[in-house]
Amino acid sequence: AQKVTQAQTEISVVEKEDVTLDCVYETRDTTYYLFWYKQPPSGELVFLIRRNSFDEQNEISGRYSWNFQKSTSSFNFTITASQVVDSAVYFCALSEGNTGKLIFGQGTTLQVKP
Amino acid sequence: KAGVTQTPRYLIKTRGQQVTLSCSPISGHRSVSWYQQTPGQGLQFLFEYFSETQRNKGNFPGRFSGRQFSNSRSEMNVSTLELGDSALYLCASSRRGGTGKKGTEAFFGQGTRLTVV
């Protein structure tokens with residue numbers, strides 16, 4: 001069965017610190033997609049990145065970077081030089097190959113203090 | 001380009017009543033999915049509609065139902081409300097439907113916060 005685990009429930013850092021959010025997934029599909037979403041207090045889930053199972057290249061977008069490792073079934077997310085505006089709940093998700101539905105982890109609440 | 005719009009934003013209902021939530025997807029998007037978010041269970045998939053047809057359904061009782069109209073707008077209905085139905089209900093739209101093999105990311109609305117008293 002597909003499953004996503006975000007072991008870190010809450011993380012608190014001081015502004016400008018780097019922070020890594022962990023995500024471990026389980027699936028028997030050979031083709032799958034992994035996602036990260038950000039949920040600010042307003043409630044909507046903001047799409048950050050999608051990665052398919054055949055592309056293990058790491059990606060960097062500004063202060064955000066993602067490390068996908070199939071060997072350890074992990075898809076970790078790093079924020080460099082964190083800012084107060086990064087405070088939110090972050091969700092890692094896995095798409096279920098045939099149905100397209102998203103399976104979410106429990107989320108990591110990130111608090112960045114000034 | 002307007003995002004996904006969900007109405008109403010907040011709703012308070014009494015146990016036993018029924019409720020209808022609405023979702024207008026991004027223009028051009030034909031797939032709409034619904035998710036329930038609670039502190040205890042997290043984000044759980046309810047169902048997905050594509051071109052007015054329900055394609056996938058999560059593990060929820062029959063009290064939860066939905067539909068999609070020809071303009072891709074979707075509604076979900078919960079009948080005989082229970083206290084445990086209190087949650088944030090999120091709607092997501094995507095261009096071709098499915099975030100899996102077709103790899104189309106889903107864009108979410110701000111949700112409807114339902115409180116059952």
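The basis for the numbers below is simple: all heavy atoms, side chains too, and nothing from hydrogens, waters or symmetry mates. Per chain, numbering begins at 1; letters A, B, ... match sequence-line order.
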Q.
Which heavy atom of A:Ser42 sits nearest to which heavy atom of B:Arg9, and what is that distance?
A.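 Closest approach of A:Ser42 to B:Arg9, heavy atoms only: O-NH2, 3.5 Å.
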
Q) If you take all heavy atoms of A:Leu102 and B:Phe45, which pair is closest and at what distance? A)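 Between these two residues, the closest heavy atoms are O-CB, 4.4 Å.
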
Q. If you round to the nearest 0.5 Å, how far is CG of B:Leu88 from CG of A:Leu45?
A.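 These two atoms lie 8.0 Å from each other.
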
Q | Sequence neighbours excluded - ring-ring contact (aromatic ring centres under 6.0 Å, His included) pairs with any residue from residues 4-28 of chain A | A |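 Checked against ring-ring contact (aromatic ring centres under 6.0 Å, His included) - neighbours excluded - the pairs reaching residues 4-28 of chain A are A:Tyr25-A:Tyr32.
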
Q.
Checking A:Glu59 now: which residues fulfil salt bridge (charged side-chain N to carboxylate O under 4.0 Å, His left out) with it, not counting sequence neighbours?
A.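 Per chain and number, A:Glu59 pairs via salt bridge (charged side-chain N to carboxylate O under 4.0 Å, His left out) with A:Arg51.
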
Q: Just jot down the ring-ring contact (aromatic ring centres under 6.0 Å, His included) partners of B:Phe60, sequence neighbours excluded, or say none.
A: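 If we apply the ring-ring contact (aromatic ring centres under 6.0 Å, His included) test to B:Phe60, skipping adjacent residues, the hits are B:Phe64.
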
Between [X] and [Y], is there a shared hydrophobic cluster once you connect ILVMFWY residues whose side-chain heavy atoms come closer than 4.5 Å?
| X | Y | result |
| --- | --- | --- |
| B:Tyr89 | B:Leu83 | yes |
| A:Tyr90 | A:Phe75 | yes |
| B:Phe47 | B:Tyr35 | no |

**Q.** Sorted by number, residues from residues 104-114 of chain A in contact with chain B (heavy atoms, under 4.5 Å)
**A.**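 Only A:Phe104, A:Gln106 of residues 104-114 of chain A have a heavy atom under 4.5 Å from chain B.
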
For the [atom1] atom on [X], are there more than 12 heavy atoms of other groups (residues, nucleotides or ligands in this structure) within a distance under 6.0 Å?
| X | atom1 | answer |
| --- | --- | --- |
| B:Arg113 | CZ | no |
| A:Arg63 | CZ | yes |
| A:Phe54 | CZ | yes |

Q. Could you walk me through whether A:Gln39 and B:Gln37 pass the side-chain hydrogen bond (donor to acceptor under 3.5 Å, both in side chains) check?
A. CA-CA 12 Å; A:Gln39 187 175 41; B:Gln37 185 177 20; 2.9 Å; yes

(Q) Does any backbone or side-chain atom of B:Leu43 lie under 4.5 Å from a heavy atom of chain A? Answer side chain, backbone, both or neither. (A)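 For B:Leu43, backbone and side chain are both near chain A.
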
Q: Give a yes or no on whether the backbone of B:Phe107 and the side-chain of A:Tyr37 come within a donor-acceptor separation of less than 3.5 Å.
A: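 Judged by distance alone, no pair lies under 3.5 Å.
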
